[in-house]
2 protein chains.
Amino acid sequence: MDTRTELLRQAEKLFAQRGYDAVGVQEIVDAASVTKPTLYHYFGSKRGLLETILGDEFHFFNQLLREAAYYQGDLPLTLRKIAIVFFEGARRNPVFFRLQLALWFAPRASEGFQVVEKYHREQFDLVEKVFTQAVVQHGNMRGKQRALAASFIGTLHHYVGLGLNDYATLDAQLVEQVIKQFQHGIYS
Amino acid sequence: MDTRTELLRQAEKLFAQRGYDAVGVQEIVDAASVTKPTLYHYFGSKRGLLETILGDEFHFFNQLLREAAYYQGDLPLTLRKIAIVFFEGARRNPVFFRLQLALWFAPRASEGFQVVEKYHREQFDLVEKVFTQAVVQHGNMRGKQRALAASFIGTLHHYVGLGLNDYATLDAQLVEQVIKQFQHGIYS
DNA sequence: CAAATACTATACCGATCGGTATAATGGCGG
DNA sequence: CCGCCATTATACCGATCGGTATAGTATTTG
C-alpha cells in the first residue's frame, strides 16, 4: 500500500467518523503511519486532502449517475435507475456516503460544504435535465423541474441516511416504494 | 439585553453559520461583547453552551410537537398537525433549524450529534407512538412503526432543508403534498 | 557514474484552541 | 456600613492547531 492512498483512506475514515473540523492533521498522519511533510507533499493542505478525497469519490459515483440519468423516454425507469445507483453506492461505500451527507448538511459557510457543493450541483443538474426532457410526455411538470429534482435527490438522501443507520434496508423493494411514492407526488 | 442571553444568541448564530467545531470560544465572546470568564461562569464549557442552546430550543419545539402528536383516532390529521409544527418552526426560527439539521447529520461520534441525539429521540418516540396507536385502524402498519416514524420525520427534515435553501416553500400546500405522498407510501 | 527528482523524517513556527487563577466591581440583605 | 455573592475583566495556562524549513535517503534519468 503506497503512503498516498493510505493517507486518503485513513483521512476519509476519520472525517466520516468524527467530522472534518474535529480531526487534526497530526491524527491523520499517525493513523497512516507517516509524518506531516508527507501529507503536505501530496496534498498541499488539509483542505487539499479533503478535495482529493471527494474529487476521487465523486468522479466515480457521478459517472455512474450520469449513465443512469441518460433519459430515453421512460421517466419511471430512469428514476428507478438513479435510485439504484444511490442505494448501491451507499451500500458499497458507506464511509464515503456518511462523509458526503454530513458535509452536505453542514453550514453553507463551512469548508466542507463548499467542497462538496459543486459535486452535488453536478448531480442536481443531471437529475434536473431528466425532468426537463420528460416534460414532453409529462406536461404537468413544466416549470417544476428544479423543485422536482431537489425533492427527488433529497428523498434519496433521506433514505440513504436511514439505511446507513439501520432504519431501512436499501434494497430493490425500497427502490420501488420510493419511485411509486414520488410518482404519486408528481401526478397529483 | 443581559449578557447570558446575548451569548446564547450569538453562539447559536455562529454555530449555525459556520459549524460548532469551526467557531472558537473567543469569537463567541467577542460577538457578544464580553470576555471568556463570563461565558464559563454561565455555561461551564463550550459544550455546556451548546447544550443550553439546544436544550432551550428543543424544550420549546418538542412541547409543540407533543401537542400536535396527541392522537385522537385520525392519522392523516395528526400527521398534518405534525408537519405544520415542523414547517412553521423552520420558518419562525431558521437559525435553530439549520443548526439542528447540521448536527443531526454530523458524524455519530461528534460532540454536536451526541448533544442533539436525545432530543431527536424524543421526537422519534412521539411520532412512533402515533403510528403504534394508529395500528388499531391501520393494521397493515403493524410492526412497521419504527420504520414509518423514521421515514416520516426524515421526510419532514428533507423538506425543511429544501425550504431553508429556497428549493421549496414551507406552506400549507406543501403540507398537503407531503401528507398525501406519505399516505400513498403507507397504503401500498 | 553524476545529477536531478521524488519522497519522507526531525524539529520547529506563530496562532489559536478550550479553559482558568486572580482580582476588581457592583448590588443587595443584615 | 459591612460582608456576601454574583458577575465580569486582565492575564495567563498547556495543548493542539495547520503548516514549513531543512536535510536526508532513495530512485530514476542523462
Side-chain angles (χ1 to χ4, degrees), chain A residues 1-56 99 102-103 106-107 109-117, chain B residues 1-56 99 102-103 106-107 109-117:
Chain A
M1 176 69 60
D2 66 307
T3 56
R4 199 187 105 104
T5 307
E6 185 66 9
L7 277 167
L8 289 172
R9 282 234 266 260
Q10 295 296 335
E12 182 176 28
K13 195 172 73 178
L14 287 169
F15 290 159
Q17 280 175 350
R18 307 223 322 283
Y20 175 74
D21 287 311
V23 175
V25 171
Q26 188 62 55
E27 193 178 352
I28 297 169
V29 297
D30 285 349
S33 303
V34 295
T35 53
K36 286 207 258 182
T38 303
L39 188 153
Y40 283 92
H41 169 74
Y42 285 117
F43 309 108
S45 65
K46 187 186 178 188
R47 180 175 182 144
L49 172 60
L50 180 65
E51 280 172 354
T52 305
I53 292 170
L54 294 176
D56 289 357
L99 173 60
L103 297 180
S110 71
E111 254 184 85
F113 175 80
Q114 283 165 18
V115 175
V116 95
E117 187 181 22
Chain B
M1 176 67 62
D2 66 307
T3 55
R4 199 186 104 104
T5 307
E6 185 64 11
L7 277 167
L8 288 172
R9 282 234 266 260
Q10 295 297 335
E12 183 176 29
K13 195 172 75 180
L14 286 169
F15 289 159
Q17 279 174 351
R18 307 224 319 284
Y20 174 74
D21 286 312
V23 175
V25 171
Q26 188 63 53
E27 193 176 353
I28 298 169
V29 297
D30 286 350
S33 304
V34 295
T35 53
K36 286 206 260 181
T38 303
L39 187 153
Y40 283 91
H41 169 72
Y42 285 118
F43 309 109
S45 66
K46 186 186 179 189
R47 179 171 183 151
L49 172 61
L50 180 65
E51 281 172 353
T52 304
I53 292 170
L54 294 176
D56 288 358
L99 173 60
L103 297 180
S110 71
E111 254 183 86
F113 175 80
Q114 284 165 18
V115 175
V116 95
E117 188 181 21

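In what follows, chains carry the letters A, B, and so on, assigned in the order in which the sequence lines appear, proteins first and then strands, with residues in each chain numbered from 1.
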- [ ] Evaluate the criterion side chain to side chain contact (heavy atoms under 4.5 Å, CB included) for residue pair Leu49(B) and Tyr42(B); output intermediate values, then yes/no.
- [x] CA-CA 8 Å; Leu49(B) 172 61; Tyr42(B) 285 118; over 6 Å; no
- [ ] Treat primed atoms plus P, OP1 and OP2 as sugar-phosphate and everything else as base, then score nucleotides 3-19 of chain C 5' to 3': B for base contact with protein heavy atoms under 4.0 Å, S for sugar-phosphate contact only, - for none.
- [x] ----SBBB------SBB
Task: Among Arg4(A), Gln10(A), Arg9(A), side-chain hydrogen bond (donor to acceptor under 3.5 Å, both in side chains) partner for Glu6(A) - done: Gln10(A)
TODO: Quick one: list whatever passes side chain to side chain donor-acceptor pair (under 3.5 Å) with Arg47(B), sequence neighbours left out.
DONE: Glu51(B)
TODO: Find the distance between CG (Leu7(A)) and NE2 (His41(A)) and round it off to the nearest 0.5 Å.
DONE: 11.0 Å
- [ ] Could you pull out all residues at least two apart from Glu27(B) that satisfy salt bridge (charged side-chain N to carboxylate O under 4.0 Å, His left out)?
- [x] Arg18(B)
Task: Whole-Å gap separating C1' (dT20(D)) and CG (Leu39(A)) - done: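 The answer, rounded to whole Å, is 13 Å.
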